[in-house]
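Reading through the structure tokens given below for one structure.
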Number of protein chains: 2
Amino acid sequence: MSQRNMDVTRQLIEQEACPVSEVIDHVAGKWSVGVIVAAAHGPVRFTELERAVNGVSRRMLTLTLRKLERDGLLVRTVYPTVPPKVEYELTDVARELLDTLRQLTDWAERHRMTITQARATYDLENESAAG
Amino acid sequence: MSQRNMDVTRQLIEQEACPVSEVIDHVAGKWSVGVIVAAAHGPVRFTELERAVNGVSRRMLTLTLRKLERDGLLVRTVYPTVPPKVEYELTDVARELLDTLRQLTDWAERHRMTITQARATYDLENESAAG
DNA sequence: CAGGATCCCCTGTGATACTG
DNA sequence: CAGTATCACAGGGGATCCTG
């Protein structure tokens with residue numbers, strides 16, 4: 001076994017440094033949720049995702065996709081055509097999450113206004129001390 | 001209506017700058033999930049949370065609590081005793097999220113190892129090109 | 001007990017420009 | 001089309017020390 005492999009093995013063991021909060025941070029991160037939900041209906045191309053995930057920049061979409069690929073949540077397939085074509089598809093592990101993430105977005109949409117207002121109220125109370 | 005109130009109203013309208021992804025980022029953030037789940041069973045004190053949420057620092061716990069309070073997800077009650085006592089309790093809006101968040105943590109725990117391994121594999125493949 | 005204040009590094013993020 | 005490279009800057013996050 002190579003030194004590199006030993007390092008990786010040790011990482012796996014030591015990786016209580018990958019607690020649940022880390023995992024959640026990845027799958028439920030700002031952009032990840034949108035990407036996963038958008039990729040739910042089947043293989044999706046980069047540009048489709050770019051349009052589907054509201055407000056994401058090219059850069060962040062790329063980074064998010066890489067992260068999700070790394071975590072084994074989606075598979076990236078490159079078609080060596082001209083122009084290039086790349087498709088992203090959820091893995092089974094990711095699919096298990098779909099219901100949960102949809103609940104999350106549903107909740108967020110239901111209470112968006114309430115939260116925005118709560119925030120404004122809070123700011124008003126805590127800023128009025130200084131203003 | 002005061003100028004300040006008008007400003008706030010305008011903020012509310014303009015606040016498409018508070019899309020769903022922002023809300024999700026708050027409630028499903030790295031520490032938020034742990035805090036919300038830990039506060040599920042009733043009013044919780046600061047130190048209890050500190051112990052319950054694995055790996056969180058004093059600073060981040062404070063910031064997370066403030067953020068959640070600001071969003072109207074939990075209520076902070078200060079008892080003017082010596083030593084001081086502060087309790088945090090979920091609001092109804094937050095309680096609606098509990099099931100979803102629990103599904104999230106369950107999923108994360110179920111697949112923690114799979115993800116860690118996928119990561120190691122990915123790193124090995126993409127690093128071996130350079131190493 | 002429950003933070004607040006400060007220092008400081010690192011990552012997240014947008015903007016912009018370039019490429020196979 | 002699907003990215004990569006670079007810059008620049010705010011915010012995340014740990015460490016440490018201080019307080020009502």
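Chain identifiers are assigned alphabetically (A, B, ...) following the order of the sequence lines, protein sequences preceding nucleic acid strands; residue numbering begins at 1 within each chain.
Between A:R70 and B:E125 there is no salt bridge, since no side-chain nitrogen of the basic residue lies less than 4.0 Å from a carboxylate oxygen of the acidic one.
Residue whose closest nucleotide on DNA chain D sits further toward the 5' end, between A:R66 and B:W31: A:R66. For the pair B:E48 and A:G55, both in contact range of DNA chain C, the more 5′-proximal nearest nucleotide belongs to B:E48.
In this structure, B:S57 does not reach the D:dG13 phosphate: none of its side-chain N or O atoms is under 4.0 Å from OP1 or OP2. The side chain of B:R59 places no N or O atom within less than 4.0 Å of a non-bridging phosphate oxygen (OP1 or OP2) of C:dT6.
As judged by a 4.0 angstrom heavy-atom cut-off over every strand, A:Y79 is placed among residues making no nucleic acid contact. Looking at heavy-atom distances under 4.0 Å, A:R45 makes contact with sugar-phosphate atoms alone, never a base.
For A:P83, taking side-chain heavy atoms from C-beta onward, the closest of the listed nucleotides C:dG14, D:dG3, D:dC1 is D:dC1. Taking the side chain of A:M60 as heavy atoms from C-beta on, and the options C:dA2, D:dG3, C:dG14, the nearest nucleotide is C:dG14. The side chain of B:T47 lies closest to C:dC1 when the candidates are D:dC1, D:dG13, C:dC1. Of the listed nucleotides (C:dA2, C:dC1, D:dG3), D:dG3 has the atom at the smallest distance from the side chain of A:F46.
The distance between atom CG of B:L49 and atom P of C:dC1, rounded to the nearest whole Å, is 14 Å.
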